[in-house]
Amino acid sequence: MRRKKPDYIVMSNVEGAAAGESLFDLARKGFSCALVVDGRHAFDEVPAAVRSVGLRTAVAYTQDMAASPRLSLAEQCVSIGERADGGSFDDAYLVLAAAQSAGADLVLLVDSPLAADVDFVGMARGEGLGVYAVDVDRVVAGAFGGMTSAWRSCACATGLVRPVDEESWRRCPSCGGIFAAHAVFAAQETCPRCGRHFRMTSRQRFDLLFDAGTLDPIDDIDEGGDPLAFPGYAEKLASTRLKTRLSEAVSCARGRIAGMPAVVCVMDSTFFMGSMGRVVGERIARAADRATDEGLPLVIFCASGGARMQEGLVSLMQMAKVSCAIRRHADAGLAYLSAITDPTTGGVTASFAMQGDVVFAEPGALVGFAGRRVIQDTTGETLPDEFQTAEFALEHGLIDAVVDRASLRCTVAALLALLGSGMKGAPSAVTSPDALARALQSAPSTHELRVMEERGASAVPSAKAWDAARASLRGRRILAPASRTAPHARVADASANPAWRSVQAARDTHRPTALHYLSFMVDGFVELHGDRAFSDDAAVVTGLGWVSGRAAVIIAQEKGAALDERVRRNFGCPQPEGYRKSMRAMRLAQHFGLPVVCLVDTQGAFCGKEAEERGQGNAIAENLAYLAGVPVPVVTVIVGEGGSGGALALALSDAVAMQEHAVYSVLSPEGFASILWKDRSRAPEAAAAMRMNAYEIFEMGIVDTVLEEGEGTASENPVLAADAVRRYVERKLDELCAFDAAELVARRQARFAAF
């Protein structure tokens, strides 16, 4: 795309920038052909004015503008896409290509974001193009001829002026846009338009993740990777090493992430599609053992086509070898994070990719065991487009999260800090979300340093991403109190039947849900999804976060606020997968010695045929059995409805509190009345008979505290109610964390033995 520069001198990036220049001035500078780029307003005045000052005129257009009369005002029209709203007018490559096609030496931008795109301006200037812009409010009929000053030169730092070459551009396979390589690099190898995540090399991964200057390679084996003496394999290995400048399909290193030491392995799909042979398995196993010996967390970025066929059964054995090393690392009480990137299939998926304490994937990554074509040929089924994507895996509960690259470094750092706070090895030096923010800001990665140097920025992208992540949960706070005409306030017999009033208050659709309380109580929350087997039940929210500076595991039953969200969350009635998800969270808490905070708000476990088929009773029973012996503090607050075993599954705890207008019962009052009296209309009477009022439940010793909601209910006092829950949880965690594990379990079991 390199073109010969014209004989005239392109004006500097400051001349005329303040006052602007007229088209007549530009014509006198020696420009001969102007490309008009106006995709938002399509003013006829602009090409008309360009022609009036003697410049040859070209207009960029999209196919949906083909019938516009304004195209007849130009000597040449260049198509750059299908639709004006499809992003073509903001695509740097398409605009530069249009300028080349038209033979233009001047680009006129009308109300275009490209005017502030330093990559576009730099490359246009490098090609000898003048780039001028005008604001839409300066486009007035007849205003562009003569001496009217309206056009400003688009500024660009001298160091960013560069010629265009084939290596300067990247094409997105999803949206088809072609972008400056520097823009793709700054976006962490993602498409600036659609967000598609491009594949990365191992070196790029290390640069993105590690603090600058901390990379210490630990690869120490290259030989022994041809156990079958497979014909031509040795030659293929040699040529691949020469081409990729890699010795194998995985690279391992020790370094720091936001100041925290870790061992990281990165599989590279440019080397034999990241396939797993003996050297790959040996490198990862040795890296895991080194992490175990040094008491460090392990992070593996998986990208693989599966077993390496040229190494036969020896390749298959690497699944077992690495799994053994991962188990030794786990037995030492250390954290292992598995990051699934595109593609991850076969034996890697069926072993260490899915063995992480936390497993997350990049958006759109291919993740699966058997190949798509194999499945279709075997079953004859037509598979959906989203099949075996990261999003598909998340929906089906197979991974904990989908994390985009903008958030990747801060998410990894947060998980290392949270899990490391209770590790049996060296605990994390980052002990709070504020400390993590400071660490990310003070220790940028190699990639971040390069971007900041190029853009002259001072804010570290991962630190900004962490601040945004911390703010996201706080956005769920319900700050506006409900109307005083809410149903619970109109109960005629409220004073005579406080239990029934509490039932109605707990069911009030204005009542704050669990996420509201978490937003006041938990900082730096990282949500973990799925049961790793079947589904991600939205009625149960689990994750990690800091509670008053203490890392904790959070399990909450969530009804949802708006109607569409309540439907998605099944109105807070968990499926078996929800309870199995909570079990995963409890195991994580035990493994890393973290306390557990549970928020209960459910009518009860979902009652349905499918739930029974998938073992609803079994799932609740497993939760109860695990809570009976989990050797970490467990605090539960009932913040709404506490319905039957579906609520108790998260309430076999060291400390259990209820909000003043929450309810806790063996059955719903309607169900109680229907079973005993065959009359559901007697539900208020049933509520009174079951003593569903919080103070009566406290008197029975079922809960140890009643948390006041202020005048009225939590619906009317959401901030006060949340503050009471927060203070209770913080106080109880302070008390319970002083006990050793054996005493905690003994006290918990004695508490329930007394009933």
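No experiment lies behind these values; they were computed from the predicted model shown.
- In this structure, the side chains of Leu419 and Leu337 come closer than 4.5 Å at one or more pairs of heavy atoms.
- Side-chain contact, Ser535 with Asp537: no donor N or O sits under 3.5 Å from an acceptor N or O.
- Proximity of a side-chain donor or acceptor of Glu641 to a complementary backbone N or O of Gly604 within less than 3.5 Å is not detected.
- Residues Phe606 and Gln616 have side chains in contact (heavy-atom distance under 4.5 Å, counting atoms from C-beta outward).
- Under the side-chain hydrogen bond (donor to acceptor under 3.5 Å, both in side chains) test applied with Arg584, the options Asp400, Thr542, Asp357 reduce to a single match, Asp400.
- Atom-to-atom distance recorded for Leu624:CG and Leu648:CG is 5.0 Å, nearest 0.5 angstrom.
- To the nearest 0.5 Å, atoms CD (Gln355) and OG (Ser323) are separated by 3.5 Å.
- Just one residue in the list Arg748, Lys732, Arg751 forms a salt bridge (Lys or Arg N to Asp or Glu O under 4.0 Å) with Asp654, and that residue is Arg748.
- A distance of 9.5 Å separates CD in Gln557 from CD1 in Ile638, rounded to the nearest 0.5 Å.
- Side-chain contact between Leu528 and Leu588 is present, with heavy atoms from C-beta onward closer than 4.5 Å.
- Closest non-hydrogen pair, Ala353 versus Thr344, comes out as CB-CG2, 4.1 Å.
- For Cys737 against Pro633, the heavy-atom pair with the smallest separation is SG-CG, 3.9 Å.
- The shortest distance between side-chain heavy atoms of Val547 and Ile554 falls below 4.5 Å.
- Two residues are said to be in side-chain contact when any heavy atoms from C-beta on lie closer than 4.5 Å; Val725 and Phe520 fail this criterion.
- Of the options Gln659, His661, Glu716, His516, a side-chain hydrogen bond (donor to acceptor under 3.5 Å, both in side chains) to Arg511 is made by Gln659 and by none of the others.
- Between Ser668 atom OG and Met690 atom CE the span is 7.0 Å, to the nearest 0.5 Å.
- Here the CZ atom belonging to Phe525 is positioned 6.0 Å from the CG atom belonging to Leu518, to the nearest 0.5 angstrom.
- Distance check: Leu594 CG to Arg550 CZ gives 10.5 Å after rounding to the nearest 0.5 Å.
- Using modelled atom types, one finds a donor on one side chain and an acceptor on the other under 3.5 Å when comparing Ser582 with Asn623.
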